[in-house]
Amino acid sequence: MTTITRFAPSPTGNLHVGNIRTALHNWFLARKAKETGGSGKFMLRIDDTDAERSREEFVTGIRADLAWLGLDVDGEERQSDRLAHYEAAFETLKASGRVYRAYETAQELDLKRKVQLGRGLPPIYDRGALKLTEADHAAKAAEGAHPHWRFLLDHDSPITWEDGVRGPQHFDPAALSDPVIRRADGSWLYMLPSAVDDIEMGITDVLRGEDHVSNTAVQVQMFEALGAVPPRFAHEALLMGKEGKLSKRLGSLGCESFQERGIEPDAIVALLARLGTSQPVEPIADRQALVDSFDLSTFGRAPAKFDDADLDRVNTAIVHQMEYEVVKERLPDGMDEAAWYAVRPNLAIVADAAEWWRIVTGPIDLPEFSDDDRAYLAQAAKALDFAAEDPWHALTGALKEATGRKGKSLFLPLRQALTGMDHGPDMAELLLVLGEETARRRLDRAAN
Ligand code: GLU
């Protein structure tokens with residue numbers, strides 16, 4: 001079995017967490033198909049028919065974001081390169097009488113809708129333009145008017161599909177407006193190019209947000225009018241802020257802001273893979289494990305709630321699993337493997353490692369020690385023995401015996417003298433990272 005999915009952003013802005021999630025799920029669907037013995041492809045389609053609002057910098061940004069997230073694509077198409085294909089499909093629809101010319105202005109349509117709503121009727125396009133004769137069109141042309149084009153829905157052909165998330169779907173085409181597919185200036189609206197591309201790119205599965213459900217109803221008839229079998233459709237519930245509504249903030253939350261906040265791509269992927277599904281969100285860095293467990297049938301119909309606190313929690317747990325090889329380029333110069341593993345359990349984000357490395361390399365600020373503690377630290381400097389297998393436990397063991405100190409009074413002055421801090425990484429590991437010379441120097445300095 002072949003599964004070809006696509007992610008089809010309009011390059012009119014940066015990707016936000018909602019469309020990152022859509023991209024991710026399409027990627028999972030394709031990768032999972034590959035896993036289970038079929039062939040799977042994940043395509044990027046740039047929906048840039050809106051020349052005025054589309055910008056090249058956003059196209060570049062979308063590619064960079066997908067790469068950062070580790071969502072490799074198997075091909076890329078751009079709608080602006082494919083205008084001839086839409087023209088050809090349009091001619092087909094024209095020849096079969098499935099498109100028609102209309103002239104109403106936005107204001108006229110708005111007024112019609114208001115009248116309908118006032119009468120308690122659904123605000124559906126009344127097909128007024130279908131009544132125009134050739135003579136009427138000629139008269140319009142003589143006035144210099146250019147028509148826009150609508151797709152003629154077949155009211156006798158009920159629309160149904162089995163939705164991968166929502167289950168069986170039924171639409172009465174008579175309850176839908178014939179959509180405008182082409183503007184008076186010849187430019188395309190979303191509906192037709194998308195269907196043409198899905199056909200010609202061999203898309204088998206269209207997975208997108210539930211805000212597209214009514215578009216799907218129209219496109220099902222478009223596929224059929226173009227002689228194609230519609231792909232499988234699945235519409236996922238939208239992502240909401242934790243306060244439970246579509247939040248503006250989510251719309252501006254993208255990879256750049258995640259990166260600035262120290263969020264790892266694996267954390268976003270782990271969270272968004274399962275948010276809104278019946279599977280638990282877990283800090284799973286193993287992409288393969290996420291692919292294996294990805295399952296559309298676990299997706300719920302209720303909106304998925306995105307909470308920054310969840311993301312931070314998953315992120316921290318992911319950071320605690322990161323191997324030195326993966327992060328080494330992002331660590332300060334000189335910070336080695338032992339140092340990374342010593343501080344890793346104390347990090348919220350990778351960048352915090354630099355703070356601990358600064359403490360290792362010094363200089364550090366010391367607190368005021370009591371006379372008693374200074375004498376104790378002098379004793380510690382003498383007892384320090386790096387020939388021991390575990391210098392920290394050897395040191396604290398010896399000091400405990402010699403001084404009778406225990407607990408906080410045994411450990412805290414040592415930690416403070418060695419790091420300037422009251423808390424932090426495991427001292428047994430950190431002491432090895434500091435090394436004998438630095439450790440002794442710090443203890444001596446604190447003692448004096
Ligand atoms: N460009 C459309 C969007 O971003 C694509 C929708 C689709 O997946 O067909 O909403």
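Every number for a ligand or one of its atoms is a count from 1 in the order of the listing.
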**Q** Name the orientation class of the two ring planes belonging to F90 and W149 (parallel below 30°, tilted from 30 to 60°, perpendicular beyond 60°).
**A** perpendicular
**Q** State plainly whether the residues E35 and K32 are in salt-bridge range, i.e. N to O under 4.0 Å.
**A** no
**Q** Do any side-chain atoms of residues 199-212 form donor-acceptor pairs under 3.5 angstrom with protein atoms, and if so which ones, sequence neighbours left out?
**A**
residue, atom, partner, partner atom, Å
E200, OE1, R82, NH2, 2.8
E200, OE1, H85, ND1, 2.6
T204, OG1, I4, N, 2.7
T204, OG1, I4, O, 3.3
D205, OD1, R232, NH2, 2.9
D205, OD2, R232, NE, 2.8
R208, NH1, Y190, OH, 2.7
R208, NH1, Q219, OE1, 3.4
R208, NH2, T216, OG1, 2.7
R208, NH2, Q219, OE1, 2.8
E210, OE1, R166, NH1, 3.0
H212, ND1, N215, ND2, 3.0

**Q** Consider only side-chain N and O atoms of Y103 and H146, and report whether a donor and an acceptor are under 3.5 Å apart.
**A** no
**Q** When the ring centroid of F294 is compared with that of F299, is the distance short of 6.0 Å?
**A** yes
**Q** Taking D266 first and then R287, would you say they form a salt bridge - that is, a charged N and a carboxylate O separated by under 4.0 Å?
**A** yes
**Q** Identify the protein atoms, limited to N or O, that lie within less than 3.5 Å of an N or O atom of ligand 1, and list each pair with its distance to 0.1 Å.
**A**
residue, atom, partner, partner atom, Å
ligand 1, 1 (N), A8, O, 2.8
ligand 1, 1 (N), S10, OG, 3.0
ligand 1, 1 (N), D47, OD2, 2.7
ligand 1, 4 (O), A8, O, 3.4
ligand 1, 8 (O), R6, NH1, 2.7
ligand 1, 9 (O), R6, NH1, 3.4
ligand 1, 9 (O), R6, NH2, 2.8
ligand 1, 9 (O), Y190, OH, 2.5
ligand 1, 9 (O), R208, NH1, 2.7
ligand 1, 10 (O), H212, NE2, 3.0

